[in-house]
S.K.: 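The structure's right below; bear with me while I get my questions together.
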2 protein chains.
Amino acid sequence: MYYHVRMDPQILDRRLEVFRSRCAERGLSLTHQRWVIYRFLAQTVQHPSPEVTFEQVRKDIPSISLATIYKNIKTFMEVGLLHQVSTPDHTMRLDANLEPHSHLICKRCGAIVDVPEESVAPLQLKHPLPAGFRVENYKVSILGVCGQCSPPIIASN
Amino acid sequence: MYYHVRMDPQILDRRLEVFRSRCAERGLSLTHQRWVIYRFLAQTVQHPSPEVTFEQVRKDIPSISLATIYKNIKTFMEVGLLHQVSTPDHTMRLDANLEPHSHLICKRCGAIVDVPEESVAPLQLKHPLPAGFRVENYKVSILGVCGQCSPPIIASN
DNA sequence: GTATATGCAAAACCTTTGCTATAGT
DNA sequence: ACTATAGCAAAGGTTTTGCATATAC
């Protein structure tokens with residue numbers, strides 16, 4: 001199957017492994033806060049906002065501050081442990097899926113679903129790009145309305 | 001040629017024509033402020049931010065307020081006269097190009113260049129999307145570093 | 001023991017809102 | 001004349017910063 005609704009425990013383990021080693025490589029302390037924040041981000045398929053992350057992490061660490069959440073999000077992004085999804089409403093949504101992939105975005109509820117790289121044919125450019133532009137990667141966002149937001153009409157009255 | 005560095009006057013005229021008629025259709029007053037704001041957005045290929053728009057429009061209308069810029073940006077987007085580019089740094093960048101197109105985005109300086117629809121082969125999905133998802137459109141952002149930001153090395157010492 | 005990270009509070013942004021005066025039709 | 005919009009100022013929301021204390025290594 002292609003669309004993960006729950007996180008595969010093996011994928012989670014691998015992500016946490018990468019997290020530990022990347023922190024070690026980059027000299028980042030493995031604080032309890034960092035661990036809980038990253039574990040939360042790594043175990044979800046929902047692309048949470050900083051605020052949602054704060055609320056969830058707070059269940060484990062009631063004293064945590066929103067500033068710590070933001071500082072660590074920034075740190076994680078700097079060392080490539082976390083990405084940010086560009087949303088049509090330009091809110092910050094976080095993505096701990098480090099594999100190349102695209103996104104399916106519901107315009108109504110804002111839900112974001114990962115689309116694995118192998119589900120989308122590689123981008124083909126039919127004309128050369130402007131001189132000197134060095135392509136690093138590309139992002140495809142598929143916009144529409146999800147099944148939850150426009151359910152099939154069974155019976156209307 | 002494919003990449004517009006300057007605005008084609010014919011394209012500008014067409015955009016302003018569409019602006020006039022769309023405003024009429026939707027019962028929007030053609031205020032001086034609206035005209036100057038839209039004319040600025042329509043004549044550029046640079047995808048300005050609200051702040052940049054404000055600074056430029058202020059040259060013509062020194063008394064204009066930033067709130068007016070924001071209110072009109074919102075109005076123009078509601079009636080489909082303006083779009084918003086999703087940027088990696090999630091700043092608001094405006095786009096008066098109403099033709100379907102993709103974007104080339106420089107990660108370093110934030111420059112955004114339109115890539116015409118015909119330069120990018122249509123998106124092909126190799127697997128079905130999650131049940132019930134209704135696709136409306138999709139956006140391709142090509143990320144990298146522009147020629148200005150990483151100029152070719154002529155001679156190094 | 002030393003460097004780094006946390007928590008708090010305040011500041012800095014960016015965007016929206018409410019209200020009165022003004023301008024468009 | 002009537003309605004919609006502009007301008008102003010204030011509020012709202014989000015993200016960042018500075019600094020003292022606490023924690024990791």
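Below, chain A is the first sequence line, B the second, and so on; all start at residue 1.
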S.K.: Is any side-chain heavy atom of Gln84(B) less than 4.5 Å from a side-chain heavy atom of Arg93(B)?
M.R.: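 Contact flag for Gln84(B)/Arg93(B) side chains = no.
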S.K.: Any salt bridge between Arg39(B) and Asp60(B), counting N to O under 4.0 Å?
M.R.: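 Answer for the salt bridge query: yes.
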S.K.: Counting C-beta onward and ignoring hydrogens, is there a side-chain heavy-atom pair between Ile112(B) and Leu104(B) closer than 4.5 Å?
M.R.: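 Not touching, per the 4.5 Å side-chain cut-off.
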S.K.: CD of Glu78(A) versus P of dT16(D): gap in Å, rounded?
M.R.: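 Distance, rounded to whole Å: 10 Å.
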S.K.: Tell me whether Arg58(B) is salt-bridged to Glu55(B), with the criterion being a basic N under 4.0 Å from an acidic carboxylate O.
M.R.: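 Glu55(B) and Arg58(B): salt-bridged.
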S.K.: Indicate the atoms forming the closest heavy-atom contact of Phe133(B) with Cys146(A), along with that distance.
M.R.: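 The pair with the smallest heavy-atom distance is CD1-CA, 3.5 Å.
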S.K.: Let me spell it out: for each of Thr75(A) and Pro50(B), pick the nucleotide of DNA chain C with the closest heavy atom. Which residue's pick is nearer the 5' end?
M.R.: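 The residue whose closest nucleotide sits nearer the 5' end is Thr75(A).
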S.K.: Whole angstroms only, please: what is the OH-P distance between Tyr70(A) and dA10(C)?
M.R.: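 Computing the Tyr70(A):OH to dA10(C):P distance gives 19 Å.
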S.K.: Check for me whether the distance between the ring centres of Tyr70(B) and Phe54(B) falls short of 6.0 Å.
M.R.: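 No, ring centres 6.0 Å or more apart.
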S.K.: Between Ser86(A) and Ile105(A), which heavy-atom pair has the shortest distance, and what is it?
M.R.: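 Heavy-atom minimum between the residues: O-CD1, 4.0 Å.
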S.K.: Would you kindly give the CZ-to-C1' distance between Arg93(A) and dT15(D), to the nearest whole Å?
M.R.: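 Going from Arg93(A) (CZ) to dT15(D) (C1'), I get 17 Å.
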S.K.: Round to a whole Å and report the spacing from CD1 of Ile69(B) to C1' of dT5(D).
M.R.: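 The answer, rounded to whole Å, is 13 Å.
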S.K.: So which protein nitrogen or oxygen atoms get under 3.5 Å of nucleotides 17-22 of chain C's nitrogens or oxygens?
M.R.:
unit_1	atom_1	unit_2	atom_2	d
dG18(C)	O6	Lys71(B)	NZ	3.1

S.K.: Tell me what Ser63(B) touches on the nucleic acid: a base, only sugar-phosphate, or nothing, going by heavy atoms under 4.0 Å.
M.R.: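 Since only primed, P, OP1 and OP2 atoms lie under 4.0 Å of Ser63(B), the category is sugar-phosphate.
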S.K.: Using whole Å, what does the distance between atom P of nucleotide dG13(D) and atom CD of Glu51(A) come to?
M.R.: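 Result: 11 Å.
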S.K.: If you restrict it to nitrogen or oxygen atoms, what contacts under 3.5 Å exist between nucleotides 23-25 of chain D and the protein, and what is each distance?
M.R.:
unit_1	atom_1	unit_2	atom_2	d
dC25(D)	OP1	Leu30(A)	N	3.0

S.K.: Look only at the side chain of Arg6(B) and the backbone of Val45(B), and say whether a donor-acceptor pair between them is shorter than 3.5 Å.
M.R.: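 A pair under 3.5 Å: no.
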S.K.: Going by distance alone, is a donor N or O of one side chain under 3.5 Å from an acceptor N or O of the other, for Arg34(A) and Ser29(A)?
M.R.: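 Side chains of Arg34(A) and Ser29(A): no pair found under 3.5 Å.
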S.K.: Do the charged groups of Lys126(A) and Glu118(B) touch, with an N to O distance under 4.0 Å?
M.R.: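 So Lys126(A) does not pair with Glu118(B) through a salt bridge.
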S.K.: Check whether more than 12 heavy atoms from other residues, nucleotides or ligands sit under 6.0 Å from atom CD of Gln10(B), and answer yes or no.
M.R.: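 Count not over threshold, so no.
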S.K.: Measure the distance from CE on Met77(B) to C1' on dT16(C) and round it to the nearest whole Å.
M.R.: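 Value for this atom pair: 12 Å.
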S.K.: Nearest-Å distance, CD1 (Ile64(B)) to P (dT5(D))?
M.R.: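 Interatomic distance, CD1 of Ile64(B) to P of dT5(D): 14 Å.
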S.K.: Quickly work out the Leu66(A) CG to dT6(C) P distance and round it to whole Å.
M.R.: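 The answer, rounded to whole Å, is 13 Å.
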S.K.: To the nearest 10°, give me the bend of the helix from dG1(C)-dC25(D) to dT25(C)-dA1(D), comparing the axes of its five terminal pairs at either end.
M.R.: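 Inter-axis angle at the termini of the helix from dG1(C)-dC25(D) to dT25(C)-dA1(D): 40°.
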